[in-house]
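Both ligands and their constituent atoms are indexed starting at 1 by order of listing.
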Amino acid sequence: MRQVLHVDTNNYNIEISDNNFDKLKSDIDSYTSGKKRLFVVSKHVYELYKDFLNINPAELLLIPDGETEKNIKNYIKIQTKALEIGLTRYDVMIAVGGGVIGDLTGFAASTYMRGIEYIQIPTTLLAMVDSSVGGKTAIDITGGKNSIGTFHQPGAVFININFLKTLDKRQLMSGLGEVLKYAFIEESCEYEKSVFFFEFLTLCKEKFFELDSVTLIRMIDYSLKLKIAVVEKDEKESGLRKVLNFGHTLAHAIESATNYKKYTHGEAVVYGMFFALNLAFKKGLINYSYYRLSVELIENFGFKNISLKKIARPENLIKLMEHDKKATHNGLTLILPCAKKKVKGAVYTSEEIIEFLK
Ligand code: NAD
Ligand code: GLY
């Protein structure tokens, strides 16, 4: 099974398939033919897939796993290796791993020789439905998740769902965090057709956890169609693209407050979405029936709407939220549900939010 999507922004293709790995390898070889390549690969993914990937050691750089590795040290490692092997600005970097490897490699590629091409080979669900597409690249610094980064679109994205067979349940659920996000924003994405993502997700749980290929490819395809519609209209996030940050302002604060170690990105996004739904209901932006339906959709996949006080001190979260890229001197902009499958930006002062968090 194979599905190809096109992104007008930077004119690239995304292939979603359940092909065998030989086909993936030959697709990469033909796409990069005549170019020097640097494969930046997650150590863990490499251990699992080295026989399939069969990468020439001269073209390979392994990066340890975890959010704390999305850092300046590994950024320099990539640049140094690229120089060492003589990558020119006409060559290519290839990220193989989850969102950490994708964001890091994308950032390195965007600044190496003032910007070279990179390809995304996402191996987690989260990276397949979100981070490998749309060109946001970044590294973290203490207290500032993704605070150093660029917009740099990939040249191609090869999504092979067979990688998901070795992903553990926690990471699979983490990817669901970003998948569920699209259900709540579909009507705000300005995609010309309806994919009925909310309805699809209420029906696909069993098949999803069985890793049914048709379900996974459809889930990734729908998610990316919505994301592409947004990115093509607002690549640099001057307006519309903010809808993709639903759940993220609090999520980034949670990750940062817990030193990127306690919660995965997707788990933090789930808490951010519960928070946004609770706040929107409290402020009268959505009615009870939609609030319940939404909470049930998330809970049905096994997530719990727990008290934020159990996660971190509200004062601490607020301080971190004030560093959010959407924050202004007038307050914090939160993306909140305002109707069925629709969200909007709403500005609140730190005092209002802290009151609510408590
Ligand atoms: P990750 O990259 O840390 O991967 C999670 C874990 O899964 C790692 O331990 C990794 O070794 C393991 N793994 C990866 N592929 C595997 C496989 N096939 N089998 C077994 N294990 C595998 O985390 P993630 O959830 O993929 O990405 C999170 C990152 O993505 C965060 O840094 C977040 O900020 C970023 N992100 C970026 C964007 C964007 O638009 N650029 C969007 C969303 C998230
Ligand atoms: N993940 C949010 C965005 O790509 O804008």
Counting N and O atoms only, with roles assigned by atom type, does the side chain of Glu255 sit under 3.5 Å from a partner on the main chain of Thr264, one being a donor and the other an acceptor? no
Atoms of ligand 1, numbered as shown, that sit under 4.0 Å from any heavy atom of Lys227: 40 (O)
Yes or no: does Glu69 have any heavy atom under 4.0 Å from an atom of ligand 1? no
What protein heavy atom sits nearest atom 22 (C) of ligand 1, and how far away is it? Leu167 CD1, 3.5 Å
Between Lys341 and Glu199, does any side-chain N to carboxylate O distance fall below 4.0 Å? yes
From the list Phe281, Tyr348, Phe275, ring pair (Phe, Tyr, Trp, His ring centres under 6.0 Å) partner of Phe356 resolves to Phe275
Nearest non-hydrogen atom to atom 1 (N) of ligand 2 belongs to which of Leu244, Val133, Asp130? Asp130
Side-chain donor or acceptor of Asn10 paired with backbone N/O of Pro154 under 3.5 Å: yes
Could you give the side-chain donor-acceptor pairs of residues 114-121 under 3.5 Å, partners two or more places apart or in another chain?
| unit_1 | atom_1 | unit_2 | atom_2 | d |
| --- | --- | --- | --- | --- |
| Glu117 | OE1 | Lys35 | NZ | 3.0 |
| Glu117 | OE2 | Tyr31 | OH | 2.6 |
| Tyr118 | OH | His152 | O | 2.7 |

For Leu48, atoms of ligand 1 separated by under 4.0 Å from a heavy atom: 19 (N), 20 (C)
Let me have the donor-acceptor pairs involving side chains of residues 94-110, under 3.5 Å, with sequence neighbours excluded, atom names and distances please.
| unit_1 | atom_1 | unit_2 | atom_2 | d |
| --- | --- | --- | --- | --- |
| Asp103 | OD2 | Lys70 | NZ | 2.9 |
| Thr105 | OG1 | Ile101 | O | 2.6 |
| Ser110 | OG | Phe107 | O | 2.8 |
| Ser110 | OG | Thr150 | OG1 | 2.9 |

What is the ring orientation for Tyr263 with Tyr271, classed by angle as parallel under 30°, tilted 30 to 60°, or perpendicular over 60°? perpendicular
Would you mind listing which atoms of ligand 1 come within a distance below 4.0 Å of any non-hydrogen atom of Asp65? 8 (C), 9 (O), 10 (C), 11 (O)
Quick check: Thr137 and ligand 1, any N/O pair under 3.5 Å apart? no
Per-atom contacts of ligand 1 with Lys145, taking only distances under 4.0 Å to non-hydrogen atoms: 31 (C), 32 (O), 33 (C), 34 (O)
Could an N or O of ligand 1 be found under 3.5 Å from any N or O of Asp168, whether backbone or side chain? no
Tell me whether the NZ or CZ atom of Lys36 lies within the 45° cone about the ring axis of Tyr90 and under 6.0 Å from its centre. no
Do ligand 1 and Thr124 have nitrogen or oxygen atoms that lie under 3.5 Å from each other? yes
Between Arg37 and Asp91 (salt bridge meaning N to carboxylate O under 4.0 Å), is one present in this structure? no
Checking heavy-atom distances from atom 36 (N) of ligand 1 to each of Ala251, Gly134, Ser131, the winner is Ser131
Lys43 contact mode with ligand 1 (heavy-atom cut-off under 4.0 Å): neither
Considering only protein heavy atoms, which is closest to atom 15 (N) of ligand 1, and at what distance to one decimal place? Thr123 OG1, 2.7 Å
Give me the ring orientation class for Phe198 and Tyr290: parallel if the planes are under 30° apart, tilted from 30 to 60°, perpendicular past 60°. tilted
Is a salt bridge present between Asp234 and Lys242, judged by a nitrogen-to-oxygen distance below 4.0 Å? no
Among all protein non-hydrogen atoms, which one is nearest to atom 32 (O) of ligand 1, and what is the separation to 0.1 Å? Glu67 OE1, 2.5 Å
Is there a nitrogen or oxygen of Asn245 sitting under 3.5 Å from a nitrogen or oxygen of ligand 2? no
Nearest neighbour in protein (non-hydrogen) for atom 28 (C) of ligand 1: Leu126 CD2, 3.8 Å
Taking both backbone and side-chain atoms of Gly97, is any N or O found less than 3.5 Å from an N or O belonging to ligand 1? no
Any N or O of Phe163 that comes nearer than 3.5 Å to an N or O of ligand 1? yes
Any sub-3.5 Å donor-acceptor pair from Tyr222's side-chain atoms to Phe200's backbone N or O? no
Tyr112 and Arg89, any side-chain heavy atoms less than 4.5 Å apart: no
Under 4.0 Å from any heavy atom of Thr166, which atoms of ligand 1 are there? 17 (C), 18 (N), 19 (N), 20 (C)
Any N or O of Glu178 that comes nearer than 3.5 Å to an N or O of ligand 1? no
Let me see the working for Ser223 and Glu178 under side-chain hydrogen bond (donor to acceptor under 3.5 Å, both in side chains), right down to the final yes or no. CA-CA 9 Å; Ser223 300; Glu178 296 287 10; over 6 Å; no
Those atoms of ligand 1 less than 4.0 Å from some heavy atom in Lys70: 31 (C), 32 (O), 33 (C), 34 (O), 35 (C)
Atom CD1 in Ile16, atom CZ in Arg218: separation rounded to 0.5 Å? 12.0 Å
With a cut-off of 4.0 Å, which atoms of ligand 2 are near a heavy atom of Lys227? 1 (N), 3 (C), 4 (O)
Write out the residue and atom name of the closest protein heavy atom to atom 35 (C) of ligand 1, then the distance separating them to 0.1 Å. Asp103 OD2, 3.4 Å
Is the side chain of Glu186 donor-acceptor paired with the backbone N or O of Ala183 at a distance under 3.5 Å, no angle test? no
Does ligand 1 have an atom under 4.0 Å from some heavy atom of Ser42? yes
Decide whether an N or O pair under 3.5 Å exists between Arg241 and ligand 1. no
Looking at ligand 1, does any of its N/O atoms fall within less than 3.5 Å of an N/O of Gly99? yes
Under 4.0 Å from ligand 1, counting heavy atoms only, is it the side chain of Asn146, its backbone, both or neither? side chain
For Glu299, is there an ion pair with Lys304 - N to carboxylate O distance below 4.0 angstrom? no
the protein heavy atom lying closest to atom 21 (N) of ligand 1 turns out to be His44 CD2, 3.3 Å
Would you say the side-chain atoms of Asn316 pair up with the backbone N or O of Ala257, donor to acceptor, closer than 3.5 Å? no
When you compare ligand 1 with Ser174, is there at least one nitrogen or oxygen pair between them that comes in under 3.5 angstrom? no
Please report the shortest heavy-atom distance between Cys338 and Val343, naming the atom on each side. SG-C, 3.8 Å
Under 4.0 Å from ligand 1, counting heavy atoms only, is it the side chain of Val45, its backbone, both or neither? side chain
Using a heavy-atom cut-off of under 4.0 Å, does the side chain or the backbone of Lys136 touch ligand 1, or both, or neither? both
Starting from atom 3 (O) of ligand 1, find the nearest protein heavy-atom neighbour and note its residue, name and distance. Val100 CG2, 3.3 Å
Using non-hydrogen atoms of the residue, decide whether Glu178 is closer than 4.0 angstrom to ligand 2. no
